[in-house]
Amino acid sequence: MTDMRVEALDVHSPVDGQLIGWLPVATDEDVAGSVLTAREAQPGWAATPATERGTALKAAAASIRAQANDLANVVRSETGRSFASARDGVLAGVSTLEQYAELGPVHRGRSLLGAYDAADFMVPEPRGVVVVLTPWNDPVAVSCGLLGAALVTGNAVVHKPSERCPHTGVLLAQLMVDHFPPGVLQSLTGGGAVGATLASSPHVDLVAHVGGTATGRSIAAACAATGAKALLENGGNDPLLVDADVDPVWAAGQAALGAFTNAGQLCTSVERIFVHQAVAEQFLAALCDEARRWNTDPQPLVDVRLREHVHAHVAEAVADGAEPLVGGEVPEREGAYYPATVLNHCTPDMRVMREETFGPVAPVRVVPSFEEGLAEACVDEHGLAATVLTASMAHAQQAWRALPVGTVKVNSVFGGAPGGAAQPRRMSGTGFGYGPELLDEMTTVKVVHVGQIQPSSQANRAAS
């Protein structure tokens with residue numbers, strides 16, 4: 001008799017640890033079938049006029065907007081984000097879909113200057129089947145960016161959301177799928193094994209992944225074996241430099257915002273802080289005040305497993321000489337809570353300074369000069385983003401030139417113009433993950449040369 005048992009993906013609340021739901025895990029047969037279905041559906045979608053693809057994407061965005069509250073509640077239940085923050089993420093995703101719905105139809109190639117009696121041009125074409133693997137920390141906004149850019153350029157997509165928020169992914173797919181032809185957009189649930197099977201499929205042309213660095217490296221290896229393109233935005237270890245000429249209280253507010261927003265669960269969170277000794281005492285006092293304020297209304301981490309990782313970083317740092325000024329202890333309460341934590345006397349060799357902690361931890365290192373802080377900030381295996389707080393244009397210029405990262409923010413830990421994009425470096429990934437440039441990543445260029453047909457010699461004789 002065939003074993004008909006279905007592997008289940010359980011989801012527990014970050015707030016109290018209770019089971020809030022489960023979904024079936026996609027089998028290898030499910031994965032293979034979805035990829036082949038996408039392969040069959042993609043040529044027809046690619047042949048659909050770009051304006052019609054944009055219209056479909058705009059309709060999908062409208063469906064999500066209409067159900068923004070419901071989707072935000074699912075995000076809140078699975079990830080622990082506040083309803084307001086979750087809804088902001090949903091609406092950011094809607095805006096991204098609307099942006100790509102407009103940009104897709106005007107994404108264009110270019111003509112080349114060749115012979116006068118010929119035509120030469122370069123035209124973008126969809127890559128084919130795109131696998132999209134997305135994280136839990138901002139699940140709707142990130143998913144909409146990758147899905148929107150892939151779909152509007154004529155690709156067929158198989159999406160696997162994080163196993164930590166699969167109900168979010170299922171609802172997002174339900175709101176979008178009816179606006180596209182059958183097979184053009186599919187969603188699968190499962191953990192890392194399902195993602196690995198998708199990434200290693202020989203019938204996939206591009207794998208887009210936002211998530212952890214280790215997973216990104218394994219995806220890059222899988223794509224190297226199949227020839228698929230890997231588009232990766234992975235972990236970061238973002239530094240914050242505080243110069244001697246800034247208001248230390250304001251700087252502490254910026255540091256807290258960068259380190260504690262979403263309980264530190266952002267790829268561009270502030271992970272290590274270098275503060276000039278001239279303002280260090282006031283800065284640390286203000287940062288401790290900020291941490292205590294954030295702790296009056298804490299947000300849980302996504303699960304206990306992540307909390308164990310965060311606390312291991314903190315405990316190791318304290319054992320090696322760091323001083324916990326605020327926080328640093330696992331609270332005795334239900335759920336995956338961890339307090340906003342400030343660590344002083346951190347050194348570059350500590351894991352909390354070398355690796356991505358991904359929690360509400362602000363490790364501080366006091367430095368004797370801006371130049372030394374900048375030099376230490378540049379030593380890292382990641383290359384996602386960095387922030388510089390300074391009143392000196394010379395120091396700002398020096399910093400953004402030297403920092404080996406994709407994004408440098410001066411005097412603001414968050415923000416940026418709509419449509420901005422950046423290329424992460426080294427262990428943080430490869431390729432553009434946002435902005436109009438993402439359309440280039442989702443397409444490949446074909447060069448076409450059209451020459452003038454030459455009349456045959458027989459035709460020439462007849463004419464004469």
Side-chain angles (χ1 to χ4, degrees), residues 85 236-264 266-299 317 322-328 339-348 352-353 357 359-380 384-403 405 407-417 420:
S85 176
N237 191 26
D238 295 3
L240 170 71
L241 281 79
V242 180
D243 207 351
D245 55 4
V246 300
D247 178 354
V249 176
W250 167 79
Q254 286 287 302
L257 186 65
F260 305 144
T261 294
N262 200 32
L266 295 173
C267 56
T268 54
S269 291
V270 169
E271 293 278 342
R272 49 200 176 113
I273 299 170
F274 302 90
V275 57
H276 196 291
Q277 63 183 7
V279 293
E281 184 176 351
Q282 291 174 284
F283 172 84
L284 283 165
L287 182 57
C288 289
D289 289 341
E290 289 281 349
R292 295 185 190 100
R293 183 176 65 81
W294 282 80
N295 284 336
T296 61
D297 185 23
Q299 174 187 326
E323 179 186 6
L325 300 179
V326 177
T341 296
V342 179
L343 299 177
N344 193 17
H345 304 309
C346 293
T347 57
V352 76
M353 297 287 279
T357 302
V361 180
V364 178
R365 177 163 172 79
V366 178
V367 292
S369 67
F370 179 83
E371 289 73 18
E372 184 163 332
L374 177 59
E376 291 193 13
C378 289
V379 178
D380 188 55
L384 195 56
T387 304
V388 183
L389 306 181
T390 181
S392 166
M393 287 302 297
H395 281 178
Q397 174 89 356
Q398 182 183 355
W400 75 255
R401 287 288 189 186
L403 287 160
V405 298
T407 301
V408 177
K409 297 164 283 186
V410 179
N411 295 333
S412 180
V413 291
F414 294 131

Exam field: side chain Thr357 to backbone Gly359, donor-acceptor pair closer than 3.5 Å: no
Sorted by first residue and then second, give each salt bridge (Lys or Arg N to Asp or Glu O under 4.0 Å) pair with at least one member in residues 359-370; sequence neighbours left out. Arg365-Glu376
Counting only N and O atoms by type, is there a donor-acceptor contact under 3.5 Å from the side chain of Asn295 to the main-chain atoms of Pro339? no
Please give me the minimum heavy-atom distance between Ser412 and Thr387, naming the atom from each residue. O-CG2, 4.0 Å
May I have all residue pairs that pass salt bridge (Lys or Arg N to Asp or Glu O under 4.0 Å) and include part of residues 286-299, sequence neighbours excluded? Asp289-Arg292, Glu290-Arg293
OG on Ser269 to CG on Leu257, rounded to 0.5 Å: 9.5 Å
For Ala399 and Val388 the tightest heavy-atom approach is CB-CG2, 3.5 Å
Which atom pair, heavy atoms only, marks the closest approach of Pro363 to Cys346? CB-SG, 3.7 Å
Report the distance from atom CG of Leu389 to atom NZ of Lys409, rounding to the nearest 0.5 Å. 10.5 Å
Report the residues that fulfil salt bridge (Lys or Arg N to Asp or Glu O under 4.0 Å) with Asp243, sequence neighbours left out, ordered by chain and then residue number. none
Nearest heavy atoms of Leu266 and Phe414, plus distance in Å: CD1-CZ, 4.0 Å
Taking side-chain contact (heavy atoms from CB on, under 4.5 Å) as the definition, give me every residue that meets it alongside Ala362, ordered by chain and number, with sequence neighbours left out. Ala259, Phe260, Ile273, Leu287
Where do Leu241 and Leu374 land on the side-chain contact (heavy atoms from CB on, under 4.5 Å) test, with the steps shown first? CA-CA 7 Å; Leu241 281 79; Leu374 177 59; 3.7 Å; yes
Please list all pairs meeting side chain to side chain donor-acceptor pair (under 3.5 Å) that have one or both residues in residues 270-288, counting only residues at least two apart or in different chains. none
List the atom of Val352, the atom of Ala317, and the distance in Å for their closest heavy-atom pair. CG1-CB, 3.9 Å
Tell me, with the steps shown, if Leu384 and Val405 meet side-chain contact (heavy atoms from CB on, under 4.5 Å). CA-CA 5 Å; Leu384 195 56; Val405 298; 6.0 Å; no
Of Val279, Asn344, Val275, which meets side-chain contact (heavy atoms from CB on, under 4.5 Å) against Leu284? Asn344
What are the two closest heavy atoms between Pro239 and Ala385, and how far apart are they? CD-O, 3.4 Å
Is the backbone of Gly328 close enough, under 3.5 Å, to the side chain of Thr341 for a donor and an acceptor to pair up by distance? yes
Can you give each donor-acceptor pair under 3.5 Å made by side-chain atoms of residues 246-254, sequence neighbours left out, with the distance rounded to 0.1 Å?
| residue | atom | partner | partner atom | Å |
| --- | --- | --- | --- | --- |
| Asp247 | OD1 | Val249 | N | 3.0 |
| Gln254 | OE1 | Val413 | N | 2.9 |

